[in-house]
Amino acid sequence: MKIFVFLLISLISHTQVYAQQKSFKKGAFRAAVVEVVKASKTQLYSLTPSYGRIISLKPYAIISKVNEEVKKVFVLEGAEVVKGQKLLELESKNIKRLILRYKAEILYNQNNQKLLNEELSIVSDKLKRFLNLKNSKVISNDLYDDLRIKKINLKKLVAKVEFDLKKMSYLLLSSKEDLNNTVIKSPINGNLTNFDIKLGSFLKKGTNIGSILDPMNSEIETSLRSDLALKLKPEFPVQIINENKIINSTIRAIIASENIKTGSRLIKIKVPKLFPNELNFPNRRVELKIPVNDGIARLVVPKDALIADGLNKFVYIIVNNKAKRKKVLIGQSFKDKIEIKSGINEGDKVVVRGNENIRQNQSVKIQKFN
């Protein structure tokens, strides 16, 4: 009986070992499920926090075009003005008097011109008759010549009147323009700066009254260490941070001259169309993230692909549905990606999930491929 029990126990034990061995063999050949991405070269930039200010590219200067006293002031410095809005009104009574005077002089000269032309017509007819009398020797040559001289003088007077009429018409037109210029209006929409005009002050022609900054024609200016700025180029990406939201922009220019005191260079950044208009005003402080590397295309993979073994780094790539372990040399880090300097090639299928439990030459099943 004891021998029977011993044999039964031994049989059961061998059966369990055989089942375990069979199960293990099946697991050894089961394909591991993995996710992969293709190693690719990408232009990636390391970004550093910075601050900049909005500056106006083309401030519109407001100039007084007449010599007059300030009669009314309609706005204050810093106001947001619209095109055609009144800014100042200057005294106009002197200009209005000039306009009345020029109109009167024009009317006088027009009447004088009419009378001179009538007199010239009479002298011309008389000169024709005198010519016949002179040919018949009824009158002397001297008398005929005197009449010719009178006609010439009349023509001179007519010419002078015509000149005076043109001069008066130009002066009248200029005075009317001066009258219009006594009301100074905003030429564009924008922010009014450097505007400190007192009521009753006298403005000379050509006086700079202030400037209007056009928000639609602005850019962002920031400074960056010269050694970093030299690595940048126009069109490199820049991030504008607004209430934790990112607005993408680009560099317009890098100023070549260096600020010797700070060892920095100015970086000019475009204001993108998506930038909110209510925030786009001169001297506003802007939070930025600007690139600090050269933007050269690098072979990168997700950081999840890396496996550390001491000081060495490895990745698994898939070749003919089998996992191949590759030692890699890593470079710069870019958020969730890492530069691979050597060890794999562009286009290799790199395992990014499921690489913790696979072994060299193990068969794999790709679950997802990007």
Side-chain angles (χ1 to χ4, degrees), residues 35 37-59 78-82 189-193 212-255 259 262-306 330-340 350 352-353 368 370:
E35 291 185 15
V37 298
K38 187 179 289 187
S40 60
K41 286 188 175 181
T42 308
Q43 276 190 312
L44 295 173
Y45 302 88
S46 296
L47 300 177
T48 185
S50 181
Y51 285 92
R53 291 190 182 278
I54 296 176
I55 61 170
S56 181
L57 289 176
K58 295 180 181 178
E80 292 294 330
V81 295
V82 298
N189 301 335
N191 182 259
L192 183 63
T193 64
I212 297 180
L213 305 179
D214 183 3
M216 304 309 294
N217 198 350
S218 60
E219 66 182 9
I220 300 169
E221 187 177 86
T222 188
S223 295
L224 186 65
R225 245 174 45 205
S226 289
D227 59 324
L228 298 176
L230 289 172
K231 297 178 181 179
L232 306 184
K233 294 180 181 178
E235 302 305 323
F236 271 25
V238 174
Q239 293 180 353
I240 303 171
I241 313 300
N242 177 39
E243 297 180 350
N244 298 322
K245 295 180 181 179
I246 294 176
I247 303 173
N248 293 315
S249 185
T250 56
I251 292 174
R252 182 186 69 80
I254 302 97
I255 303 303
N259 186 323
T262 61
S264 62
R265 297 174 191 265
L266 284 177
I267 309 296
K268 304 287 189 174
I269 300 165
K270 298 176 184 178
V271 174
K273 292 181 180 180
L274 294 178
F275 192 73
N277 288 334
E278 63 273 16
L279 303 179
N280 188 5
F281 55 86
N283 293 322
R284 184 183 186 276
R285 199 164 182 247
V286 180
E287 185 179 353
L288 304 168
K289 284 190 177 180
I290 55 179
V292 290
N293 63 328
D294 51 23
I296 295 174
R298 293 172 169 83
L299 184 65
V300 294
V301 298
K303 291 180 179 179
D304 290 341
L306 287 179
I330 63 174
Q332 294 187 51
S333 175
F334 302 90
K335 291 187 178 180
D336 59 342
K337 296 184 182 295
I338 190 77
E339 178 189 5
I340 304 297
V350 180
V352 293
R353 185 172 299 177
K368 182 181 180 182
N370 292 326

Kindly write out the residues that satisfy side chain to side chain donor-acceptor pair (under 3.5 Å) with [X], not counting sequence neighbours, or none if the list is empty.
X: S333; value: K303
X: S223; value: none
X: D304; value: none
X: E235; value: K270

So do the side chains of [X] and [Y] get within less than 4.5 Å of each other, counting heavy atoms only?
X: K231; Y: V292; value: no
X: V352; Y: V301; value: no
X: T250; Y: P234; value: no

Quick one: side-chain contact (heavy atoms from CB on, under 4.5 Å) partners of [X], sequence neighbours excluded?
X: I247; answer: I240, N242, P272, L274, F275, P276
X: R353; answer: E35
X: N248; answer: Q239, I246

> Given the rule in the side chain to side chain contact (heavy atoms under 4.5 Å, CB included) test, do I269 and I290 qualify, once you have shown the distances and angles that lead to the verdict?
Replying inline: CA-CA 10 Å; I269 300 165; I290 55 179; 4.1 Å; yes

Distance-only donor-acceptor pairs under 3.5 Å for side chains of residues 43-59, two or more places apart:
{"unit_1": "Q43", "atom_1": "NE2", "unit_2": "G295", "atom_2": "O", "d": "3.0"}
{"unit_1": "S50", "atom_1": "OG", "unit_2": "T222", "atom_2": "OG1", "d": "3.0"}
{"unit_1": "R53", "atom_1": "NH1", "unit_2": "N283", "atom_2": "O", "d": "3.0"}

Distance, nearest 0.5 Å, that separates [atom1] of [X] from [atom2] of [Y]:
X: F236; Y: I254; atom1: CZ; atom2: CD1; value: 8.0 Å
X: I330; Y: E339; atom1: CD1; atom2: CD; value: 9.5 Å
X: N280; Y: N217; atom1: CG; atom2: CG; value: 10.0 Å
X: I255; Y: S264; atom1: CD1; atom2: OG; value: 12.0 Å
X: I296; Y: K41; atom1: CD1; atom2: NZ; value: 10.5 Å
X: I241; Y: K289; atom1: CD1; atom2: NZ; value: 5.5 Å

> After noting the C-alpha distance and the side-chain angles of L232 and L224, does the key distance pass the side chain to side chain contact (heavy atoms under 4.5 Å, CB included) rule?
Replying inline: CA-CA 10 Å; L232 306 184; L224 186 65; 3.5 Å; yes

> Partners of R252 by salt bridge (charged side-chain N to carboxylate O under 4.0 Å, His left out), sequence neighbours excluded?
Replying inline: E219

>> Using the salt bridge (charged side-chain N to carboxylate O under 4.0 Å, His left out) criterion, which residues pair with E287? Sequence neighbours excluded.
In response: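 For E287, no residue satisfies salt bridge (charged side-chain N to carboxylate O under 4.0 Å, His left out) once neighbours in sequence are set aside.
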
>> Taking E80's backbone N and O only, do any of them form a donor-acceptor pair with N191's side chain (distance below 3.5 Å, no angle check)?
In response: no

